[in-house]
Amino acid sequence: MKFLNAAFSACLLLTPLAVRGGDALPDYPAEKLSDRVWVIHGPTQLPNPDNKGFMNNPAFVVTKAGVVVIDPGSTLETGRMVLRQIGKVTDKPVTHVFASHIHGDHWLGNQAVREAYPAARFYAHPVMIEMAHAGQADSWINMMEQLTEGASKGTAAVIPDQALQDGQEIVVDDVTFRIYLSDWAHTKTDAMIEVVEESLLATGDNALYTRIGRMDDASFRGNIEACNQALALNLKYYIPGHGPSGGTGVIEPYCDYLKTLYATVSGLYAEGLSDFEMKDTVVEKLAAYQEWSGFSDEVGKHISLALLEIERAEFE
Ligand SMILES: [Zn+2]
């Protein structure tokens, strides 16, 4: 009888998983970065069927009043996985969620937080909120579904409704969150979030480590400026948008990548070279980054985009 009961309970436990179609994300460990901050370092590859779309660095801050999440990930299941890791550290509710920018790999996990904690507040750059409503949320849902070959299915956009301001401070009991907004850096929607008492900054994709970012929506000059701003704070801890967290050493290389690329392209443009003609020289200058995820996919495009920006700058 005991055995039958056990078997029956096991069936009950397994049923919900089977119904979900096996698309739940496995647990990735939350690493403690400072006293009150944990980070789940996601894979650095683009969304695919294996990572089920998970590729960013969700972080959470445990305050006395509740948990504050920064970038809860790319899908409903990523958000649920993040909540499972939070549950291993504290039983406090999630009360606040920040989105670093419009790219869906960072914030579509909002849905899981809304589902578990309907009272949580969702914050973002005002332009992020605008762009998400104007069609970007749907585009990212579709893109994620295509790239993961359906593994992200069921994800719906929970668009933030709390517009951040540059310089704003949001105090959650014993912890202060200071906000740095850009007009145009990695995108036109970037918010960097400083956790003041922890001497820590989450940069979003204004800075990356071991991954080269997409610059399709970016301004090289604005991104370099935001990167410099992050470094100038000279904090103890940095969480980049992708790749390992650490001290200023995890931010400097990407700032240097952007500066080297933009300066080299500017110089060769002044000599009259086209993007095709300058590629080998630029790639040589960036040899230190060749092993970074996304380098070979992005570098050619980065040269063309930098050229467009340099030409545009002549008319400013
Ligand atoms: Zn991004």
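Note: hydrogens, waters and symmetry copies are ignored here, and every other heavy atom, side chains too, is used. Whatever order the structure lists ligands and atoms in, that order sets their numbers, starting from 1.
In the displayed structure, Glu225 atom CD is contacted under 6.0 Å by at most 12 heavy atoms of other residues, nucleotides or ligands.
Judged by distance alone, the side chains of Asp217 and His101 never bring a donor and an acceptor atom under 3.5 Å apart. A donor atom on one side chain and an acceptor atom on the other are found under 3.5 Å apart for Asp190 and Thr187.
Minimum-distance N/O/S atom of Asp205 relative to the Zn ion (ligand 1): OD2. Here the N, O or S atom of His103 that is nearest to the Zn ion (ligand 1) is ND1.
With hydrogens and angles ignored, the 3.5 Å screen pairs a side-chain donor or acceptor of Tyr289 with a backbone N or O of Pro253.
Taking backbone and side chain together, His186 holds an N, O or S atom under 2.8 Å from the Zn ion (ligand 1).
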